[in-house]
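Right, one structure below, let's go through it.
Proteins come first, then strands; the chains are lettered A, B, ... in the order of their sequence lines, and each starts at number 1. All values derive from a computational prediction rather than experimental measurement.
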Amino acid sequence: MIGSIAALGAGLAVIGAGIGIGQVGGKAMEGISRQPEAASKIQTAMIIAAALIEGAALFGVVVSFLGLK
Amino acid sequence: MYLSHILNSKKIALSVILGVFLTFCTCKTFAIQHEEAHEAAAATEHEEEAFNPSEVILEHIADSHSLHLWGTTSIPLPVILYTDKGIETFSASKFEHGHADYQGKYYTYRLVKDKVHIVGEGSDLSAAATVLKPNGKLVDFSITRNVASMWLSIVLLFIIFFSVSAAYKKREGKAPKGLQSFLEPVILFVRDDIARPNIGYRYQRFMPLLLTIFFFIWINNLIGLVPFFPGGANLTGNIAVTFVLAFITLIIVNVNGNKYYWKHIFAPDVPVWLYPIMWPVELVGIISKPFALMIRLFANITAGHIIVLSLISLIFVFKSAYVSVVSVPFVVFMDVLELLVAALQAFIFTLLTALFIGTAIEEHHH
């Protein structure tokens, strides 16, 4: 039972990260299509933002790892 | 016949390279399968138990006292224990894969889930002392497979970089050649895309650190993907390793922090009565940035390994070779994705380290 709740937690963390990274990626695409010459700068900023969001989601995943034990 | 142009075609060459690469990946998955099959068979022989995927997966991810070479071959590694009575060293082969106890000089030792325990009277076990359990009777300083794999990667890095730097001395002013031409763009990428934009004009002081972090994480991520020797260990998916890497970042950032950095933390531009609230928040901010680095690398690499191993485990859960029709292509896909993740996580770790250093040494003009 604890295992399944942990899986639920991992799923919820992934929903949050999905929404967040989706937003970042979408807006970055928009930015690049508006200003293709700034693509490399936008890309780096996008990766940083995506990594920060992903970090928050991974906290959730790690907590659900701990729940597995 | 004018067919010789086929051999010169770039497309053909590319597809041949891709084909060889995919074949290699498939070989690799078969190697994992082979290994899993052996282990599953061994498990059923010994305990007559159902296949337990989470146990197998956790065993592959965790540290161990033997270095896995290929198939069922593995070499035992030295066990070094610091007990309350003295130091004890012996080979891990004495445990016979956890089936036998070893009578040492001071205590009797037993391997439970790849961790050394002291067998006390009445067969009660006391585990190694850790940060979480400081009053244990022994501290485990063994050369485990993660340590062995780390030393291997360090030797590899030394060989690669000493040979490349020697080449730069020997071929001064000439175009790069061989390994040099592979590494030069990567090093320039770290300098021009990571260090310079984020740190500013004083980036040169931090280049050795950033390059070391980048190549150490990258090479260990890649070694971690190989299921047989020299791989087999999951170094960057070990929280202790990522903890040390993140701790180095914490030290470097705070040692290099200038007065603006510390002013921002202890005397920000807010009303004075808010300081008691701001200080804890800012101090948590100092810790949480490297903490996120630690968790990010650990969780990304561990999650990748878990996904690959779960897909392989599906074959043994359903006890049917036909499941491999689905699971092997997925494993190949995941492995290719992991190649990307291996480089990406090294990049992100280095980039965020550079970013934190950049904010710490930034000059403000108010």
Side-chain angles (χ1 to χ4, degrees), chain A, chain B residues 52-55 57-58 61-62 113 115 132 189-190 192-199 217 237-239 242-243 246 249 285 287-307 310 340-341 343-356 358-359:
Chain A
M1 193 59 199
I2 290 170
S4 55
I5 291 171
L8 215 83
L12 285 173
V14 166
I15 289 177
I19 293 170
I21 294 180
Q23 288 271 342
V24 170
K27 299 282 177 196
M29 288 283 178
E30 234 168 67
I32 290 172
S33 61
R34 274 166 207 266
Q35 248 180 321
E37 65 274 10
S40 64
K41 274 186 186 170
I42 293 173
Q43 238 162 24
T44 317
M46 178 189 79
I47 289 175
I48 296 174
L52 292 173
I53 293 165
E54 190 196 42
L58 288 171
F59 284 145
V61 172
V62 167
V63 170
S64 50
F65 268 155
L66 295 176
L68 269 177
K69 283 177 187 169
Chain B
N52 184 353
S54 73
E55 206 170 274
I57 290 170
L58 286 179
I61 288 165
K113 284 185 179 173
K115 287 208 166 56
L132 300 173
F189 167 74
V190 173
D192 294 340
D193 285 351
I194 298 178
R196 212 148 36 182
N198 292 306
I199 298 179
I217 295 175
N238 184 311
I239 194 127
T242 59
F243 168 79
T249 301
I287 304 292
S288 76
K289 283 190 252 168
F291 187 77
L293 280 183
M294 170 178 88
I295 298 290
R296 181 176 301 114
L297 184 57
F298 159 74
N300 259 299
I301 303 304
T302 309
H305 284 231
I306 288 178
I307 292 166
S310 335
L340 172 73
V341 169
L344 193 68
Q345 288 308 315
F347 167 62
I348 297 245
F349 197 106
T350 320
L351 181 75
L352 289 176
T353 304
L355 201 69
F356 297 155
T359 52

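More than 12 heavy atoms of other shown residues, nucleotides or ligands fall within 6.0 angstrom of atom CZ in A/Phe59.
Counting only heavy atoms from C-beta outward, the side chains of A/Leu58 and B/Asn300 approach each other to under 4.5 Å.
Note: A/Ile48 CD1 to B/Asn198 CG = 5.5 Å, rounded to the nearest 0.5 Å.
If you measure heavy-atom distances from B/Leu355 to chain A, the contacts under 4.5 Å come from the side chain alone. At a 4.5 Å heavy-atom cutoff, B/Ile239 makes no contact with chain A through either its backbone or its side chain.
Comparing B/Leu352, B/Ile348, B/Leu344, B/Ile194 by heavy-atom pairs within less than 4.5 Å of chain A, the highest count is held by B/Ile348.
When atom types are taken as modelled, the side chain of B/Arg296 and the backbone of A/Ala51 share a donor-acceptor pair closer than 3.5 angstrom.
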